[in-house]
2 protein chains.
Amino acid sequence: MRAQDVQDILERLCNLLRMEMRQFGLKFGLQPVQIEALTYLTQCNRYSDTPQAVTEYLGLTKGTVSQSLKLLDQKGLLRKRQDKKDKRIVHLAPTAKGRKLIEQSIPAKGLEAALKMSHSLKGSGLEEGLRSTLHAMQRHNNRKTFAACHTCRFNQKLSEGFLCGLTNEPLSKQEIHMICREHEYAV
Amino acid sequence: MRAQDVQDILERLCNLLRMEMRQFGLKFGLQPVQIEALTYLTQCNRYSDTPQAVTEYLGLTKGTVSQSLKLLDQKGLLRKRQDKKDKRIVHLAPTAKGRKLIEQSIPAKGLEAALKMSHSLKGSGLEEGLRSTLHAMQRHNNRKTFAACHTCRFNQKLSEGFLCGLTNEPLSKQEIHMICREHEYAV
DNA sequence: TACTTTGGTATCGAATCGATACTAAATACA
DNA sequence: TGTATTTAGTATCGATTCGATACCAAAGTA
């Protein structure tokens, strides 16, 4: 297998996803980056719902992201809430309207249909191959992993529920499937 | 395999590729979209090196693309040439400087390294899985395929070289590996 | 108490991008 | 043949993205 071939397909697929996202966003007056931010906010846990986390996730500067979030706020797609303990921190939560919009997102539907149409998927190793590629690229570029707690080295199984070894806080069964900005794979 | 999982990984991978591309482009004062256009122009065949083709490839509007191409021209990364027969058409060719820049592109290097680090790649079906996913998505969204002639239903093997059944023109061994805007898979 | 760090916002200039209007060449058609 | 339509591309405008910089407030540190 030539790396170049995989790369070409991957880049084409990324372009296609972005096209669909752009087309979908147009109907609501949203830019691709705004949809990405809102999508992230529907998937992240309570440690990771801040402007700073979105900034790291998107790989942009905080000023840029601040602007986009302001727009999403003005459109009533998310609401801001100050942190109780640290008053510098802002928590972002998608509104019902925001969640509904992301659920309808066409890229999701398009890809889902595409995956269903591919016959040879079960046991094809596509998911595993993609995952290890992503993992390797994140290591290679020293990027945060932004994955769910259930694959994190800090996550501990308790008799009742789970515990994050970093924050020493209990995690529910739902929470361990959400994206965390502090996520680290085991070495 | 859940489609949602694959989608999340794919979107994360796309974000990562875009981040690296942005970071790389910054050093040369280039935007991600400009790098993508220039990359395409190093890979496409002689039917597909026009502003219109780039527009279709990127999924943007022709006005937008026209601007970006103008900038790449001003930076000396490509040159424009009027078509001999149809005087409306402009052909775009990357300059030596443009080609060199794309060869250095970090996304490529980063991904290549990532793929090499993944051990379980040979026979993992990653490439095949990605290809069928891309193919299915293109069909689902009625997008052009933008693939190389050697996988095209119009391409015919001759005793000496190849023939494009659409244009009825001969194709060289090199040409059938370049991206064509008229490409169609067999039904 | 002063200094530094951190999280976030505001503002500016360059660029993207869609929409629209426009030119020029090729094509259709009557 | 002559007029209308289509096609390829450019130009311009306004909204938005984005990086850079400056700034503010809260938290941490010495």
Side-chain angles (χ1 to χ4, degrees), chain A residues 15 18-38 41 47-75 77-92 181-182, chain B residues 15 18-38 41 47-75 77-92 181-182:
Chain A
N15 269 327
R18 203 167 179 82
M19 273 184 222
E20 300 307 319
M21 188 148 58
R22 183 180 301 282
Q23 202 166 26
F24 172 72
L26 250 167
K27 292 186 293 186
F28 304 91
L30 289 177
Q31 304 294 326
V33 70
Q34 294 171 340
I35 299 177
E36 279 173 25
L38 200 54
L41 289 172
Y47 305 130
S48 317
D49 60 351
T50 68
Q52 181 61 29
V54 177
T55 298
E56 289 162 5
Y57 182 81
L58 295 176
L60 304 175
T61 55
K62 59 181 182 175
T64 301
V65 172
S66 181
Q67 274 184 89
S68 296
L69 294 174
K70 191 175 157 188
L71 262 159
L72 287 173
D73 190 8
Q74 285 169 2
K75 283 176 187 288
L77 297 171
L78 60 79
R79 68 164 207 285
K80 299 185 178 185
R81 186 174 49 77
Q82 199 181 42
D83 188 273
K84 292 285 188 296
K85 292 172 189 166
D86 189 333
K87 289 178 181 172
R88 292 170 305 181
I89 296 177
V90 169
H91 291 278
L92 307 160
R181 63 185 294 204
E182 306 290 355
Chain B
N15 270 325
R18 205 169 175 79
M19 273 185 222
E20 300 306 320
M21 188 147 59
R22 183 179 299 286
Q23 203 166 23
F24 172 72
L26 251 167
K27 293 185 292 186
F28 303 91
L30 289 176
Q31 303 294 324
V33 71
Q34 295 170 339
I35 298 177
E36 278 172 25
L38 199 54
L41 289 173
Y47 304 130
S48 316
D49 59 350
T50 67
Q52 181 62 28
V54 176
T55 297
E56 289 163 6
Y57 182 82
L58 295 177
L60 303 175
T61 55
K62 59 181 180 174
T64 301
V65 172
S66 180
Q67 274 184 89
S68 296
L69 293 174
K70 191 175 157 190
L71 262 159
L72 287 174
D73 190 8
Q74 284 169 4
K75 283 177 188 288
L77 297 172
L78 59 79
R79 69 164 206 287
K80 300 184 176 186
R81 186 174 49 78
Q82 198 181 45
D83 188 272
K84 293 285 188 297
K85 292 173 189 165
D86 189 334
K87 289 179 183 173
R88 294 170 304 178
I89 296 177
V90 169
H91 292 278
L92 307 160
R181 63 185 295 204
E182 306 291 357

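Protein chains get the first letters and strands the later ones, always in sequence-line order, with residue 1 at the start of each.
The distance from atom CD of A:Gln23 to atom P of C:dC17 is 15 Å, rounded to the nearest whole Å. Spacing between atom CZ of B:Arg81 and atom P of D:dA8 amounts to 17 Å, rounded to whole angstrom units. Rounding to whole angstrom units, CG of residue B:Leu58 and P of C:dA15 are separated by 18 Å. When the P atom of C:dT6 is taken as reference, atom CG of A:Asp83 falls 17 Å away, rounded to whole Å. In this structure, B:Gln31 places its CD atom 5 Å from C1' of C:dA15, rounding to the nearest Å. Spacing between atom CD1 of A:Ile89 and atom P of C:dG8 amounts to 6 Å, rounded to whole angstrom units. Atom OH of A:Tyr47 and atom C1' of C:dT6 are 20 Å apart (whole Å). The nearest whole Å value for the distance from the CG atom in B:Leu60 to the P atom in C:dA19 is 11 Å.
Between A:Gln34 and D:dT17 there is a side-chain N or O to OP1 or OP2 distance below 4.0 Å.
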Polar pairs (N or O, both sides) under 3.5 Å between protein and nucleotides 24-27 of chain D?
| residue | atom | partner | partner atom | Å |
| --- | --- | --- | --- | --- |
| D:dA27 | OP1 | A:Lys85 | O | 3.1 |
| D:dA27 | OP1 | A:Lys87 | N | 3.2 |

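Annotation for B:Gly25 and B:Ile35: closest pair CA-CD1, 3.5 Å, computed over non-hydrogen atoms.
With rounding to the nearest 0.5 angstrom, the CG atom of B:Leu60 is 7.5 Å from the OG atom of B:Ser68. Taking CG of B:Asn15 as the start and OH of A:Tyr57 as the end, the distance is 5.0 Å to the nearest 0.5 Å. One distance of note links CZ of A:Arg79 with CG of A:Leu92; it measures 10.0 Å at 0.5 Å rounding.
Of all the residues in residues 61-75 of chain A, A:Lys62, A:Gly63, A:Ser66, A:Lys70 reach under 4.0 Å from DNA chain C with at least one non-hydrogen atom.
Between the side chain of A:Ser48 and the backbone N or O of A:Arg181 there is at least one donor-acceptor pair closer than 3.5 Å. With hydrogens and angles ignored, the 3.5 Å screen pairs a side-chain donor or acceptor of B:Thr55 with a backbone N or O of B:Pro51.
A side-chain contact (heavy atoms from CB on, under 4.5 Å) with A:Val90 is found for exactly one of A:Gln52, A:Arg81, A:Lys80, namely A:Lys80.
Nearest-nucleotide mapping onto DNA chain C: of A:Arg18 and A:His91, the residue sitting toward the 5' end is A:His91.
The shortest distance between side-chain heavy atoms of A:Arg18 and A:Glu36 falls below 4.5 Å.
Which of C:dA15, D:dG9, D:dT17 sits closest to the side chain of B:Val90 comes down to D:dG9.
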Chi angles and distances behind the salt bridge (charged side-chain N to carboxylate O under 4.0 Å, His left out) call for A:Asp86, A:Arg88: CA-CA 6 Å; A:Asp86 189 333; A:Arg88 292 170 305 181; 2.9 Å; yes

